[in-house]
Amino acid sequence: MEKNLPELPEVETVRLGLLPALEGRTIKDVVVRRRDLRTPVPENFEDRVRNQKVLGLSRRSKYILISLESRETIIVHLGMSGRIRIEEGNPCEPDKHDHIEFITDSRHCIRFGDPRRFGFVDLIQAGQVDLYPSLAKLGPEPLDADFVGDVLYDRLKGRQTTMKAVLMDQRILAGLGNIYVNEALFRAGIAPQKKAGSLSRAQAEKLVMVIKDVLQEAISAGGSSLKDHRQTDGELGYFQHSFQVYGREGEACLNCQSEIIQRMVQQGRSTFYCSSCQQ
DNA sequence: CGCTCCACCTGAACGC
DNA sequence: TGCGTTCAGGTGGAGC
C-alpha cells in the first residue's frame, strides 16, 4: 500500500470530495495563515472570495478550478504535499501546515495544507482560465474521449527523447506524474528508455488505452476510499492504492513472474520497470 | 525549439 | 538518542 502523491486521479478525488461541501454553497469566511506558497496568495484574496457563492468545481490536469458567482475562479494546485481536509461542526485547531481555510454557510471548514509549499492557491478572471500560465501550455486531457492513439502518436513523432520523459512532460500529455507514467509503461509493455519517436501507431494505441485504464481505476479506488476517509479525518486525496511496478524494485515482475523489477534514474526521477516485459 | 538539469521545500527514512 | 545525509517528486526556469 502506498500513499499516492497528487497526480490526476488524486486531484480528481479531491474535487469529488469537495463537491458536496462547496457546490452551491456560499463561502462565508476565509482565513489565510501563510501567503508564501509557491506563488503568493493574492493580497486581496479574502475580500474577493468572502460571501461568494460557488457555482461549480472542475479540473484541468492536476489543477482544481472553483468558479465563483463573481466571475472569478479559484485555482488550487496541491504541488507534492498539498492536502485538503473537510471538517463539519466544531472546528478544531489548524495544524502547523494548514495555510488557508474556507468556512461555508453549511458550516463546513475546508482546510488547505501543504508542508513543502510547492502548491499554490490563486484567483483569476473566469474568462482568463485557459490563458493562465500554468494551464496555457498543457497537452490534452488523457481521459477525454478524443484523446486516442493517433493523437499521442502525432505528438511523439520525431522526438529524440525517451518515453519516460515525454509522458512526464505536461505539454505533451497533461496529468500524469512519476507513478502513473511508470504504471502505464509497464502495462503497455514499453521500455521507459525507448525513443519516443520510434513508437509505432499500434503501441501508441495500446499506451493510450492503458493510460485511461490506470487513471480510471485509480479514480475509482479514490472514490471508494472517499467514504471511509470522510467518516474519519476528513482528509481528501491520499488514498491507499497498490501499484504493479512503482516502488517494487527487487520484487518479482507481476506479469512474467520471473524477472526482477529494476530501478533506474531518468531526469532525476526513479523509474521502475521489467527489462523483459518492457521493450 | 528540443532537451537536460536543477532549485524550490520539508518530513520521513536511514546510517552511524 | 541524536545528528547528519539522502530521498521523495510537480513545476518552471536556466543553460546548452
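Sequence lines set the chain letters: A, B, ... in the order given, protein chains first and strands last, and positions in each chain run from 1. All heavy atoms count here, side chains included; hydrogens, waters and symmetry mates do not. Predicted model only: the values in this text are computed from it and were never measured.
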Inset, instruction - Rounded to the nearest angstrom, tell me the gap between atom CD in A/E10 and atom P in C/dA8. - result: 18 Å
Inset, instruction - For residues A/F243 and A/F272, determine if any side-chain heavy atom of one lies less than 4.5 Å from a side-chain heavy atom of the other. - result: no
Inset, instruction - Please tell me which of A/A165 and A/R269 maps to the more 5' nucleotide of DNA chain B, matching each residue to the nucleotide holding its nearest heavy atom. - result: A/A165
Inset, instruction - Please determine if a side-chain N or O atom of A/Q170 lies less than 4.0 Å away from the OP1 or OP2 oxygen of C/dT11. - result: yes
Inset, instruction - State whether A/E87 and A/R85 are salt-bridged, where the test is any N-O pair (Lys NZ or Arg NE/NH1/NH2 against Asp/Glu carboxylate O) under 4.0 Å. - result: yes
Inset, instruction - Starting from C1' on C/dG10, measure out to CG on A/L135 and report it in whole angstrom. - result: 14 Å
Legend entry - Rounded distance (Å) that lies between atom P of C/dG12 and atom CZ of A/R171: 10 Å
Legend entry - side-chain hydrogen bond (donor to acceptor under 3.5 Å, both in side chains) assessment of A/T271 paired with A/K164: CA-CA 8 Å; A/T271 299; A/K164 173 72 185 288; 2.7 Å; yes
Inset, instruction - Quick one: label A/Y63 by what it contacts on the DNA or RNA (base, sugar-phosphate, nothing), any heavy atom closer than 4.0 Å. - result: sugar-phosphate
Inset, instruction - Please state whether the phosphate of C/dC7, meaning OP1 or OP2, lies under 4.0 angstrom from any side-chain nitrogen or oxygen of A/S270. - result: no
Inset, instruction - Using whole Å, report how far CZ of A/R263 lies from C1' of C/dT6. - result: 11 Å
Legend entry - Considering all heavy atoms, the nearest A/P42-A/R35 contact: O-NH2, 2.7 Å
Inset, instruction - Check every strand shown and say whether A/R117 touches a base, only sugar-phosphate, or nothing at a heavy-atom separation below 4.0 Å. - result: sugar-phosphate
Legend entry - A/H77 NE2 - C/dT11 C1' separation (whole Å): 7 Å
Inset, instruction - Answer with base, sugar-phosphate or nothing: what part of the nucleic acid does A/K96 contact at a heavy-atom distance below 4.0 Å? - result: sugar-phosphate
Legend entry - Separation of atom CG in A/L37 from atom P in C/dG10, rounded to whole Å: 18 Å
Inset, instruction - Would you indicate what A/R38 reaches in the nucleic acid, counting non-hydrogen atoms under 4.0 angstrom: base, sugar-phosphate, or nothing? - result: base
Legend entry - Closest-nucleotide ordering on DNA chain C, the 5'-leading residue of A/G268 and A/S134: A/G268
Inset, instruction - Check whether any side-chain heavy atom of A/S58 sits under 4.5 Å from a side-chain heavy atom of A/S67, and report yes or no. - result: no
Legend entry - Bounds of contact between DNA chain B and chain A, in 5' to 3' order, using a heavy-atom cut-off under 4.0 Å: B/dC3 to B/dG11
Legend entry - C/dT11 OP1/OP2 closer than 4.0 Å to side-chain N/O of A/K62: yes
Legend entry - Length of the line joining A/F118:CZ and C/dC7:C1', which is rounded to integer Å: 12 Å
Legend entry - Distance-only side-chain donor-acceptor flag, A/Y273 / A/Q266, under 3.5 Å: no
Legend entry - Donor-acceptor pair, side chain of A/E7 and main chain of A/G177, under 3.5 angstrom: yes
Legend entry - Between C1' of C/dG10 and CD of A/E7, the distance in whole Å: 9 Å
Inset, instruction - Taking atom P in both B/dC6 and C/dT6, compute the distance separating them and give it to the nearest angstrom. - result: 15 Å
Inset, instruction - State whether a side-chain donor-acceptor pair under 3.5 Å links A/E72 with A/Q125. - result: yes
